[in-house]
Amino acid sequence: MNEARPILSVAAMRDAEAAAPCGLTELMERAGRGLAEATCRFAGPMPALILCGPGNNGGDGYVAARCLAERGIAVRVAALGEPTSDLARAARQHWEGPVERVENCSPAPVLIDCLFGTGLKRGLDPSLHERLLSLAQESHLAVAADLPSGVDADSGALLSPIPDYHLTVAFGALKPAHRLMPAMTQMGRVVVANIGIEADRRWFEIGTPALPAVRPDAHKYSRGLVHCLAGEMPGAMALSASAAARSGAGYVRVSTSRPIAGLPRSVVEVGDARLDDPRIGCILVGPGLGHLPQLLTLALTSNRPKVIDAEAISLVGDPARLRGQDAILTPHAGEFERLFGTLSGSKADQALAAAEASGAVIVFKGADTLVAAPDGRLGFAPPAPAWLATAGTGDVLAGMIAALRARGMAAFDAACAGVWLHGRAAEHAGPDMIADDLLEHL
Ligand SMILES: NC(=O)C1=CN([C@@H]2O[C@H](COP(=O)(O)OP(=O)(O)OC[C@H]3O[C@@H](n4cnc5c(N)ncnc54)[C@H](OP(=O)(O)O)[C@@H]3O)[C@@H](O)[C@H]2O)[C@@H](O)CC1
Ligand SMILES: [K+]
């Protein structure tokens, strides 16, 4: 079972650290020990070079050096200068070995980057980031302590270039950058070292979903009716409706003015669109919609839950129009901007602002998909294969989420579950998959 792991912003991390009953010195001790242990497990007994910055990330490095030396590993330390924080100064004093200079130290098979973590405020000086890149290039394995030095922890932006790491050891909890583009692709394997903080769980990495059980007395309506509104290009809705049928909906119905090729025989095509039917568990509008804004208007006249995808998102026009609707929106970046405009802040900030402005659950898609709720909950998708970026996969996701919503899951939970299952289906389908192949893996 893959538990949802908490994700903490820099501010939330500082609060959690300050509230830790064990105190900050012990937290640093645990972070350094966790770094040493994870590195040993990953790299074995290879000689290591630890680069220490001036702050507490550097402090973790001095602790890790001591722990690695205690394990008999040949470890060297190189620093930018003397530590500037009290905690790091104390950690430096407990390291009994020599301290070289980052500018002229020689490389080692394992490079451990403890230059900067959550305290990074600007890009590294060019001479320093070039030094970091070249030492990483000359190592076999590069390990980042908490975050690669150069990454903004809250946004995932690269403030200066970073090497590709093999392992990143996050302390206490993941930070947004561990699951946001572009930083997430350069961190290698990401593990969390438990340092004993209590983490707020409103932001989290989406874990294995708990799907509703099928009751012994279930019938097709109680298992969830998804009503799809097909538009000008019904092939897209064929994918969505098939995905809904394969995601456990009891009954999938498609309103269409002409026959749709490629639908499973169990999916029913109907000529009219009676959306006041209380048995409808979720309406789906958008995939293949084309220029039929009246279908969105029709969906919005119904009080039933709805998933609004693709072209229908842009047609909403004003986010306030969704207030009072029980809606899930699934925009990619272009659709997001068309509806919500250019919002400031990180992708996480933007997703939350959009959820608040619309009152809807927002699935902000991309290589770093986020699911935001109006109440401030935020799910970060675990990494999914890059080959998901192909035509029609969004239609499949919309159908999956509609089915999970129709099965009675709350909107936010259904969206998170759909995103998680979609990523895992892509892993099973393999690199040459097309969207249709996902259906076999739902
Ligand atoms: N708090 C805790 O209890 C625990 C924290 N832990 C660890 O602490 C890390 C956070 O530590 P931190 O806050 O000291 O920040 P950190 O990332 O070391 O850097 C700050 C220093 O860098 C400097 N600086 C910044 N950018 C720069 C640049 N581009 N180029 C040059 N300098 C730059 C900045 O100087 P300033 O700009 O402020 O003058 C300041 O001196 C966290 O990631 C985790 O590893 C764990 O031990 C668990 C317990
Ligand atoms: K680091």
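Both ligands and their constituent atoms are indexed starting at 1 by order of listing.
- Rounding to 10 degrees, one finds that the K ion (ligand 2) sits at the corner of an angle of 80° between Ala145 O and Asn57 OD1.
- Between the Ser302 side chain and the Ala299 main chain, no donor and acceptor come within less than 3.5 Å of each other.
- A donor-acceptor contact shorter than 3.5 Å links the side chain of Arg304 to the backbone of Ile280.
- Looking only at protein heavy atoms, the nearest one to atom 10 (C) of ligand 1 is Thr118 OG1, 3.2 Å.
- Ranking protein heavy atoms by distance to atom 37 (O) of ligand 1, first place goes to Arg122 NH1, 3.1 Å.
- Of the protein's heavy atoms, Phe116 CZ, 3.7 Å lies nearest to atom 30 (N) of ligand 1.
- At least one donor-acceptor pair under 3.5 Å links the side chain of Arg321 to the backbone N or O of Val316.
- Each of the following atoms of ligand 1 lies closer than 4.0 Å to a heavy atom of Thr84: 41 (O).
- Contact annotation for Asp146 and ligand 1: only side-chain heavy atoms (C-beta onward) come within less than 4.0 Å of the ligand.
- Within the structure, salt bridge (Lys or Arg N to Asp or Glu O under 4.0 Å) pairs that include any residue of residues 144-156 comprise Asp146-Lys175 (at least two apart or interchain).
- Of the possible donor and acceptor atoms, none in the side chain of Thr330 sits under 3.5 Å from a partner among the backbone N and O of Ala398.
- The shortest N or O to N or O distance between Gly117 and ligand 1 is below 3.5 Å.
- With the K ion (ligand 2) as the vertex, O (Phe116) and O (Leu147) define an angle of 90°, rounded to 10°.
- Of all protein heavy atoms, the one closest to atom 3 (O) of ligand 1 is Leu24 CD2, 3.1 Å.
- Closest approach of Val143 to Tyr165, counting heavy atoms only: C-CD2, 3.7 Å.
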Take Glu37 and Arg33, measure what salt bridge (Lys or Arg N to Asp or Glu O under 4.0 Å) needs, and give me the verdict at the end.
CA-CA 6 Å; Glu37 192 175 320; Arg33 206 184 309 136; over 6 Å; no
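- Across Asn56, Asp60, Leu128, heavy-atom proximity to atom 44 (C) of ligand 1 is greatest for Asp60.
- Looking only at N/O/S atoms, Asp113 comes nearest to the K ion (ligand 2) through O.
- Shown in contact with Arg14 at under 4.0 Å from a heavy atom are these atoms of ligand 1, numbered in order with element: 13 (O).
- With Gln350 contributing its side chain and Gly345 its backbone, the two residues share a donor-acceptor pair below 3.5 Å.
- Heavy atoms of Arg30 found under 4.0 angstrom from ligand 1: none, in either backbone or side chain.
- At least one heavy atom of Pro54 sits under 4.0 Å from some atom of ligand 1.
- Where the criterion is an N or O separation shorter than 3.5 Å, residue side chain and backbone included, Gly123 meets it with respect to ligand 1.
- Here is the list of ligand 1 atoms found below 4.0 Å of a heavy atom in Leu27: 49 (C).
- Listed by atom number, the atoms of ligand 1 under 4.0 Å from Lys121 heavy atoms are 25 (C), 26 (N), 36 (P), 37 (O), 38 (O).
- Among all non-hydrogen protein atoms, the one lying nearest atom 18 (O) of ligand 1 is Asn57 N, 3.0 Å.
- Note that atom 8 (O) of ligand 1 has protein non-hydrogen atoms nearby, at separations under 4.0 angstrom.
- Between the His140 side chain and the Ala43 main chain, no donor and acceptor come within less than 3.5 Å of each other.
- Residue pairs meeting the ring pair (Phe, Tyr, Trp, His ring centres under 6.0 Å) criterion with at least one partner in residues 315-365, sequence neighbours excluded, are Phe336-Phe340, Phe336-Phe364.
- Judged by distance alone, with hydrogens and angles left aside, the side-chain atoms of Asp15 form no donor-acceptor pair with the main-chain N or O of Ala12 at under 3.5 Å.
- The cationic atom of Arg377 (NZ for Lys, CZ for Arg) lies less than 6.0 Å from the six-membered ring centre of Phe412 and within 45° of the ring axis.
- With a 4.0 Å cut-off on non-hydrogen atoms, Phe171 touches ligand 1 through its side chain and not its backbone.
- With Arg407 contributing its side chain and Gly224 its backbone, the two residues share no donor-acceptor pair below 3.5 Å.
- For ligand 1, one of its N or O atoms has an N or O atom of Gly119 under 3.5 Å away.
- Nearest protein neighbour of atom 5 (C) of ligand 1, counting heavy atoms only, is Glu17 OE2, 3.6 Å.
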